[in-house]
Every structure is written in structure tokens, then in C-alpha cells.
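Labels below follow one simple rule: chain letters A, B, ... track the order of the sequence lines, proteins then strands, and each chain is numbered from 1.
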Amino acid sequence: MSKTSPHALPAEGGLGNEPLLAVDDLHVEFATRAGLVRAVNGVSYSLQAGETLAVLGESGSGKSVTAQAIMGILDMPPARIPKGEVRFNGTDLLRLSEEARTQVRGQRIAMIFQDALSALNPVFTVGWQISEMFRVHRGMGKRDAVKKAVELMDRVRIPGAKQRVNDYPHQFSGGMRQRIMIAMAIALDPEVLIADEPTTALDVTVQAQVMELLAELQRESNMGMILITHDLGVVADVADKIAVMYGGRIVENASVHDIYKAPAHPYTKGLLESIPRVDLKGQDLYAIKGLPPNLLDMPTGCAFHPRCPYRQDNCVTDSPPLYEISGTRNSACHYWREVLDGDQG
Amino acid sequence: MGRYIIRRLIQAIPVLLGATLFIFAIVFALPGDPIEALAGEKRQDPAITAIIREQYHLNDPLLVQYWYYISGILFHGDFGKTFAGVPVTQLMAGKFQVTLNLAFTALVMEAIIGLLLGLWAALRRGRATDTAILASTLLLISVPTLVTGFVLQLWLGVWLKQVTGIEFFPIAGVGQGLQSYLLPGFVLAGTSIAYLTRLTRTSLVETLRSDYIRTATAKGLSRRRVVGRHGLRNALIPMVTYLGADLGVLMGGAIITETIFNLPGIGLQLYQGVYLREQPIVVGIVTILVLVYIVANLIVDMLYAVLDPRIRYE
């Protein structure tokens, strides 16, 4: 298939070697009163069906903005996408008309958000909100749509789904609310599910249950999942591969196994070392020195250099490219070999 | 809910008693003798004055007078008589309807115009339309009703009729049914339209920034549905509160409008009552106004629970 027209919808299923979803050299900037904020600077990642990609990074690293650009839910303006592609089954979503985009959104690429209490509409019942997907996108009648909503609530294991379908979001606990968000997102069997910090607002035991549910739903339906998080503990269990973001760029790309075994970027290494460990009880917790970069005034060269223990002179002046370490692994560090070997610079 | 309504109605009793006593005392304290004034320029026979004073208990202390008045209302539904001998209830009957018509015309105009302008401004936030709407609401707020009333009466009532030969807006009276109320209704609603426009705009802009609007967009809903269903339904809550409370304000504000357009409503009657120190008229009308206020607020509070399921009255 040659270049698709702007109005054509992405074909069903993958096309040859083309991944299900590919973000390619994406740039997003925001025009603010204080100046131009370059929130995403050339991010690329890809996702296959049935695969889970964890996007890791602290607040302001651009991980959520990238996801919102994929969904097409950025407020434009102030946001702008000067460059880049988001290919879904080979079609660049950024070139689609708004109507065509709306057909993809929610039906084929769905998203769940961090705080389900504020992300669910307070004045409609959960049944109404879930069944809206069927009423609007599938033209179902009210009764059938609500029946489907109850089935979905059962599927995400909400106890007494039938009795609770007419309850409002505030009548549920945090974990149950997040399950309702999930039910709404998977309602139309999307091919890609983007979960933006789905467990951050929940307490630890509930976090595990929600992650388990997500993993299970993914296995059943072979969705591709992008899991945005800053919690490394969550990542290890469910992700196949990891993209670590810092200052609007990807600094390391690797399989979960590789990254936990030996990180190839000083920032990833810092993140891994800051996980509290039982065997080091009593010692001071490790923390990466310094503060996240100011997006209005990014450091020259490598954005991480002011905080980096491996820093050399050229880090201040030369921005590192994404070096290829192996076929599935990249690091944006001039000294990835040293980091990988573990010599402290 | 039922229990809540009963409690609210019980709470209304001291409010009503307090308000009537207060108004009663103020009219009592007004200088001049209404009975002397009855005869106008002529001297009145002191014997007659004494009889009338006795008849209306005007020689008794304030609280005793108040008791006669309030017990009449409570036990006989009797709002007293004017000094000319007409029962106040009879005087108010038709006039109350006129004021209600006027206030509701104004309220409907306020709701429709305020909602549409506010919605339009919110959706064009920061652009020329938005700025123009905000500027005109500011103008509407800062010009007193007295001015808009006379100006619109002249332009739309007098000049428009002269130019076109058709009477679109009667300038006085209620002889033409709904048509008679359009212009006075708009004048009365003027500042309220401006406030409601601003409230709607702010409320909607705020709502459209919330997380659940982002969710609605992410569900693949059309912009129309996102704003119209998810946004407006939430933005409606403060608007309904404002509209409900405004009904009382509109009925009170009718005094000026009714005077300008010579509408025979309770506003005009109240004005004349104060002018002639007709205590029963003034207190009677104010009592009714307070009652309208209380009931309107109660309805708003109940609507609030309907619109926002997070609110429950136990």
C-alpha cells in the first residue's frame, strides 16, 4: 500500500513488518506566556500487538504529553506538533482529518488516566458513562448498552455489578473507580491501550490488583499497551520493554531484562538505585542529585549533564545521539560503555 | 429529602416573622401621620382622626400593633385593610399576577440569552467574540436600569413605531398580553443577563478544563457532545443556583421597571404604599416577596441535589 490519503482510516491488523503503533521523531511544543516550552523533542518508540511498553520518567519528562499526542487530545493551541509521525497500522494519525481521528480515538486506541475520581464525570452514573461508548459508537439502544456496561463491570471484577451500575463515581472506592475507567477504555476492544499512571492515586495493595487486571485483559485480547509510570516496581512485572524519558527525549530503550540487569544510561541507573531495598535497611536512601531540568531553559549538550556522575567536558556541549547498543537497545549517553560496565566516571 | 424540606419550611417561620416585624417597625418609624395625610391639604376633624386611629390600633405600642397584624394573617388569612377600607389581599390579587408575569418573562430571557452568550464566549475564549461579549456585559452592568429602561422605551417603543408604523413593543400597560412584557422584561433582566453570561462563561471555561472533559474527548466523542452533554451538564449547577436566587431579586427589582412602563404590579403598588405610609400594603407585599424568596431558594436547593448527585440531603 502506498501513502494513505488523509481521510482513510488505518487498516485493520498489522501490515507486514510495520508495528501496530510507531511514534517517530515526535516533537511537541507549548506556547506559554513565559516562552516556548519544548515538552517532547524527537521521541520515537514502537509497539507490537500483545506487547507492553513501559514509558518511564519523572514529571515533566514528556511521557504524558507524548501519549496525549498519540490520542490527539492535546489542546492545540497552546500545543503544537511541529514535526514527527504517529503511525497506527501504517497510517500517520497526525495527518488524518479530525473526523477520521475521532473514529480511532476511544474505539481503536483507548486511554485510562491517573485519577479516576476526577477523570470520571461526577454527574453521570458509571453505567451511563460506560454505556455511552456503545450508544455513541455502536448505535445501541439504552437497554442493550447498559447490559453491555454490566458485562464489562463484571469483566473488570466489580462486585455486584448489576446493582451498582446506576451508582455515581463518588460512591465507589479508588480501586473500583479505576476499574470503571478500565471498563470504559476496553469497551470497544481497542488495539492499543494507553495507561497514564493508572495506579499512582491508589494504595499499594490495590495497585497490584489493578495492574494484574490490566495484564490479564491484555493477554485475553492481545492489545498493545503503553504503560506510563514513574514506578519501577510496577514496570518489572508487566512490561516487555522500557523507554526511559528525560527532558522530552528518550534516553534509554531496552528490554525489561536488559535494563534491570545493567542500565546503559546514568539516569536509568540513578532511577534503579533509588528503589528502596530491604537488604540495605538502615542506610540512607539513594537519590539522584539536583532537580529535573527546566523545560524553558534546557541545559546545553546532554540535558542530564548537571546531575550526571559520569559527566565529561563534551557532555556540556554535545547533545548525545541515541547510540545503538544492540538491535533492541539504545542509550543517549556518550559514555554508555562505562555506565554499562559500572565504572563510576 | 422529605424531612429536609420540612426542616427548611420550619426554618422559614422565624425568617418570615423577623422580616415582617422589621418592615413593620420601619414603616412605624416613618415621620408624619398617615391619617392626617388622608385628608390632603384640608384640615380633618380631630374626632374622625381619633376614630380612625382607634380603628387601626394606631395608638397602641409597636409590638401590640404587630400582634394584631400578624394574628390576623395567621388565624384569618387577613392581611389587613388599607386606610381607604379596601382589603389588602383584594388589592394585591391581580397585581401580583402582573409582577409574576414580568419576573418570569425576565427570568426566561435571562436564562436563554445568558446561557447562549456565555456558551458562545466560552467556546471562543480569548478571541474577538469573547472580548466583545465581555465588554458588552460590563456596559450592561454599569448602566442603571433607570437609564436602560427609558432609553429602550424611547428607541424600541417610540422611535421604532414611528419609523416602521408597527407597534413592536408597547411602552406602557399590559393590554397586549405577552408582547407588553417583552420590553419591560428585558429591561428588568438587563444586569442579570450580564451576570449570568459571565457566570456561564467562567463556569464552562472551568469545566472544559477538567479531567473528565479530557476523558470524554478520549472516548472519541464529538466536540459537540463533549461540550453539550459532559461540559454543560456540569456548568449548569452554578447557573441554576444563580437563576433561582435571582427570581426574588427580579420581583423586588420590578418596582423601577413597573414604574417606568406603568405596569399595574405589586412593585408600583409598593411604591405607592410607601409614599402614602400604608403600613398594611407595604408589610403585606414585602411578606409575599420574602415568601417567594424562601420558596425559590428551597427549590434551588432541591434542584441542586438533582443536578449534582454528590449532594444528598438527609
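In terms of heavy-atom pairs under 4.5 Å with chain A, the best-connected choice from B/A216, B/S222, B/P309 is B/P309. Across A/M184, A/Q114, A/H137, A/E132, the residue that shares the most heavy-atom pairs under 4.5 angstrom with chain B is A/E132. Between chain B and the residues A/G72, A/A110, A/A119, the most heavy-atom pairs under 4.5 angstrom are made by A/A119.
For the 3.5 Å distance criterion, the side chains of A/Q178 and A/T199 fail to qualify, holding no donor opposite an acceptor.
B/R233 contributes a side-chain N or O that, together with a main-chain N or O of B/L307, makes up a donor-acceptor pair within less than 3.5 Å. At distances below 3.5 Å, not a single donor-acceptor pair connects side-chain atoms of A/D92 with backbone N or O atoms of A/E85. Looking at A/D144, its side chain never comes within 3.5 Å of a backbone N or O of A/M140 through a donor-acceptor pair. Checked by atom type and distance alone, the side chain of B/E258 never pairs as donor or acceptor with a backbone atom of B/I255 at under 3.5 Å.
Across A/T229, A/L193, A/L227, a single residue satisfies side-chain contact (heavy atoms from CB on, under 4.5 Å) together with A/P198, and that is A/L227.
Residues B/L152 and B/L183 approach most closely at O-CD2, 3.8 Å, considering heavy atoms.
Neither the backbone nor the side chain of B/S210 comes within contact range of chain A; no heavy atom of the residue lies under 4.5 Å from a heavy atom of that chain. Heavy atoms of A/V136 lying under 4.5 Å from chain B belong exclusively to its side chain. For B/L221, the parts lying under 4.5 angstrom from a heavy atom of chain A are both the backbone and the side chain. With a threshold of 4.5 angstrom between heavy atoms, A/E98 does not approach chain B through any atom at all. For a residue to count as touching a neighbouring chain, one of its non-hydrogen atoms must lie under 4.5 Å from one of that chain's; by this rule B/R223 does not touch chain A.
For residues 101-122 of chain B, an interface with chain A (any heavy-atom pair closer than 4.5 Å) does not exist. Proximity to chain A among residues 188-199 of chain B is not found for any residue, judged by heavy-atom separations below 4.5 angstrom.
Environment of NZ in A/K148: sparse, with no more than 12 heavy atoms of neighbouring residues, nucleotides or ligands closer than 6.0 Å.
Taking the ring-ring contact (aromatic ring centres under 6.0 Å, His included) definition, one finds that A/F124 meets it with A/W128, B/H230, sequence neighbours left out. For the side-chain hydrogen bond (donor to acceptor under 3.5 Å, both in side chains) test, no residue two or more places apart in sequence or in another chain qualifies with B/R214.
At least one cation-pi condition fails for A/R80 and A/F30: the charged atom is not both under 6.0 angstrom from the six-membered ring centre and inside a 45 degree cone around its axis.
The shortest distance between side-chain heavy atoms of A/T200 and A/H230 falls below 4.5 Å.
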Practice problem: Would you check, one step at a time, whether the test side-chain contact (heavy atoms from CB on, under 4.5 Å) holds for B/L291 with B/T287? | Solution: CA-CA 6 Å; B/L291 207 61; B/T287 308; 5.8 Å; no
